[in-house]
Amino acid sequence: MKKIKVGVAGYGVIGQRLADGVVLQEDMELLGVIDLAPTLAIRALKEKGMPYKLYLASFEKEEEFKRLGIPISGSMDDLVKECDVILDSSPGGIGARNKEIYLKYNKKAIFQGGEKNSVADVFFHGYANYERGLNKQFLKLTSCNTTGLIRSVDCLDKAVGIERVAITIIRRVADPGDYHRGLTNALQIDKAPSHQALDLMTIMPHIDATGILVHTPITHGHIITVVASGLKKINKEQALEAFSKHPRIRIVSIKDGFLGNASLFRYARDLGNPRGDMYEIALWEDSIVESGDSIMYAINIPQEAVTIPETIDGIRAVMGLQKNSAEATSKTNKYLGLGKWISQ
Ligand SMILES: NC(=O)c1ccc[n+]([C@@H]2O[C@H](COP(=O)([O-])OP(=O)(O)OC[C@H]3O[C@@H](n4cnc5c(N)ncnc54)[C@H](O)[C@@H]3O)[C@@H](O)[C@H]2O)c1
């Protein structure tokens, strides 16, 4: 089997996890990663024995890399030339600049949520609009919150049909170790409607969505509450049945000890997941309630790892590896071990 050659540009929070996720795909090969500074992630890569080859987007800090004994395999151009697809996880806005290099070598690329939608041909989600990404050159992934939100809304939509959602996002303000965000103890409200609701409508235009976002001074996961209104009444049993079958949704319960985001982070570490990552969103069974004809529920979004599966679906789409969402997502899920808990 000819493997798809993949490179990752930007070896930060998302890039490290994308690289690890690609390595798990039996039909893909990670050729290397690109960065430009000896960050902690790059130092850890060196201490781990350089499992991934490192290429530089800029040689400004070459001397520092040399001093630290971090081997460099070449320039960004060297890696891009060899790849079929680049996963660009550089800081928001830098991807649009890197795109020039992808265009120069006529390569496919998948950008993350910090870029403008205009960077790509299609704003992409592996479940909700996989087919629109087929054989395109550039995709942009939804942000972490939108990725998880769409998983749950699409799941209900496919099961019973949804026409309207209203959401509240309780958003973690920083990733662990983000000192540049400050030491804070305050909540902050964004102007409504939140971009996640607008993004959902871009990808699922048949659904009317709105929402409010509240920043919170925590780092391990966002929580979103969703009120979803169906074409007809949705009851709790129908919703739970649909959610329970979804390989990227883990049903949890307060009575079992899942009290909030921190319980999930701890559980992921107890599972032995690298860095305490979770690809799946968690949905509290005890949060599902009926309100008139609508259904309300709460989900946890592990922001650092949640977009990895849908980004890998994106590779499958741009390369035309599978012709539809069901086939593509089931391959990605199999290689990432998603949904194992459903049959246990
Ligand atoms: N952190 C999250 O929770 C999260 C979740 C979902 C999506 N995203 C999105 O993912 C993207 C990356 O975010 P992140 O949090 O991983 O950022 P990050 O700052 O942790 O990592 C970015 C890395 O890119 C490197 N870099 C800078 N310029 C570069 C260039 N020209 N080429 C290659 N690498 C370069 C930096 O040195 C850094 O190591 C953004 O679009 C962001 O909005 C982030």
Side-chain angles (χ1 to χ4, degrees), residues 7-21 32-46 52 54-61 64-65 70 72 74-80 83 86-102 109-117 119-120 123-125 138-151 169 171-181 195-196 199 215-216 218-222 224 261 265 275-279 281 300-311 314:
V8 170
Y11 191 68
V13 171
I14 298 296
Q16 296 179 69
R17 290 162 171 88
L18 286 174
D20 294 351
V33 301
I34 300 164
D35 212 292
L36 41 66
T39 59
L40 293 187
I42 298 289
R43 286 167 192 248
L45 185 70
K46 164 162 189 253
Y52 311 142
L54 175 65
Y55 295 77
L56 289 190
S58 143
F59 282 79
E60 226 171 86
K61 302 216 162 119
E64 216 178 316
F65 279 99
I70 301 172
I72 305 298
S75 67
M76 179 162 183
D77 285 55
D78 293 335
L79 180 63
V80 170
C83 290
I86 312 295
L87 306 181
D88 192 297
S89 47
S90 57
I94 302 291
R97 278 196 255 150
N98 288 346
K99 185 178 171 185
E100 296 301 316
I101 303 176
Y102 312 143
I110 302 175
F111 300 93
Q112 291 295 316
E115 297 302 318
K116 294 202 171 111
N117 286 3
V119 79
F123 191 25
F124 181 82
H125 190 283
F138 297 118
L139 303 184
K140 185 195 124 165
L141 248 284
T142 43
S143 70
C144 47
N145 271 310
T146 317
T147 302
L149 170 67
I150 288 184
R151 267 186 211 167
I169 300 177
R171 181 184 185 274
R172 73 87 183 90
V173 77
D175 287 328
D178 273 357
Y179 277 92
H180 63 280
R181 308 261 187 208
H195 85 74
Q196 294 82 357
D199 290 352
H215 298 275
T216 57
I218 57 156
T219 58
H220 290 135
H222 319 290
I224 308 182
N261 63 325
F265 182 58
R275 310 179 185 89
D277 286 348
M278 273 192 169
Y279 296 128
I281 59 170
N300 181 77
I301 309 284
Q303 82 277 358
E304 297 166 299
V306 72
T307 62
I308 299 340
E310 273 81 354
T311 306

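In each ligand, atom 1 is the first atom listed, and ligand 1 is the first ligand listed.
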Under a 4.0 Å heavy-atom limit, does Arg172 contact ligand 1 with its side chain, its backbone, both, or neither? side chain
Could you tell me whether some N/O pair between Ile14 and ligand 1 is separated by less than 3.5 angstrom? yes
By the definition side chain to side chain contact (heavy atoms under 4.5 Å, CB included), identify the one residue from Val119, Leu141, Leu139 that meets it with Phe111. Val119
For atom 21 (O) of ligand 1, grab the closest protein heavy atom and report residue, atom and distance to one decimal in Å. Gly12 CA, 3.2 Å
Among protein heavy atoms, which lies nearest atom 10 (O) of ligand 1, and at what distance? Gln112 CB, 3.3 Å
Without hydrogens or angle criteria, can the side chains of Asp77 and Tyr55 be said to hold a donor-acceptor pair below 3.5 Å? no
Could you tell me whether ligand 1 has any atom less than 4.0 Å away from a heavy atom of Pro91? yes
Between ligand 1 and Asp35, is the shortest N or O to N or O distance under 3.5 Å? yes
Atom 33 (C) of ligand 1 has as its nearest protein heavy atom Gly10 N, 3.6 Å
Taking the side chain as every heavy atom from C-beta outward, state whether Ile224 and Ile281 have any atom pair closer than 4.5 Å. no
Taking distance alone, with no angle check, do Val13 and ligand 1 share an N/O pair under 3.5 Å? yes
With the side chain counted from C-beta on, respond yes when Thr219 and Asp175 share a heavy-atom pair under 4.5 Å apart, and no when they do not. no
Using only heavy-atom distances, determine whether the side chains of Asn300 and Asn261 contain a donor-acceptor pair under 3.5 Å. no
Note: ligand 1 atoms sitting under 4.0 Å from heavy atoms of Ser89 are 12 (C), 22 (C)
Please state which protein non-hydrogen atom is closest to atom 40 (C) of ligand 1 and give its distance, to 0.1 Å? Ser90 O, 3.8 Å
Give the atoms of ligand 1, by number and element, whose distance to some non-hydrogen atom of Gln303 is under 4.0 Å. 3 (O), 5 (C)
Just jot down the ligand 1 atoms closer than 4.0 angstrom to any heavy atom of Cys144, in number order. 5 (C), 6 (C)
Mark whether atom 17 (O) of ligand 1 lies under 4.0 angstrom from at least one protein heavy atom. no
Check: Thr142/Glu310 side-chain N/O donor and acceptor closer than 3.5 Å: no
Option nearest atom 31 (N) of ligand 1 (shortest heavy-atom distance, choices Val33, Asn145, Ile94, Thr39): Ile94
Does the side chain of Gln112 pick up a donor-acceptor pair with the side chain of Thr311 at under 3.5 Å? yes
Hey, what do you get for CG (Asp88) to CD1 (Ile94), rounding to the nearest 0.5 Å? 9.0 Å
Test Glu304 against every option in Arg172, Arg17, Arg275 by the salt bridge (charged side-chain N to carboxylate O under 4.0 Å, His left out) rule and name the one that passes. Arg17
In terms of residue, atom name and distance, what is the protein heavy atom nearest to atom 42 (C) of ligand 1? Gly114 N, 3.9 Å
Is it the side chain (CB and beyond), the backbone, both or neither of Leu36 that lies under 4.0 Å from ligand 1, heavy atoms counted? side chain
Arg181/Asp178 salt bridge by N-O under 4.0 Å criterion: yes
Pick out which of Val13, Thr307, Val33, Val8 makes a side chain to side chain contact (heavy atoms under 4.5 Å, CB included) with Leu18. Val8
Select the closest option to atom 1 (N) of ligand 1 among Asp175, Val306, Val8, Leu18, judged by heavy-atom distance. Asp175
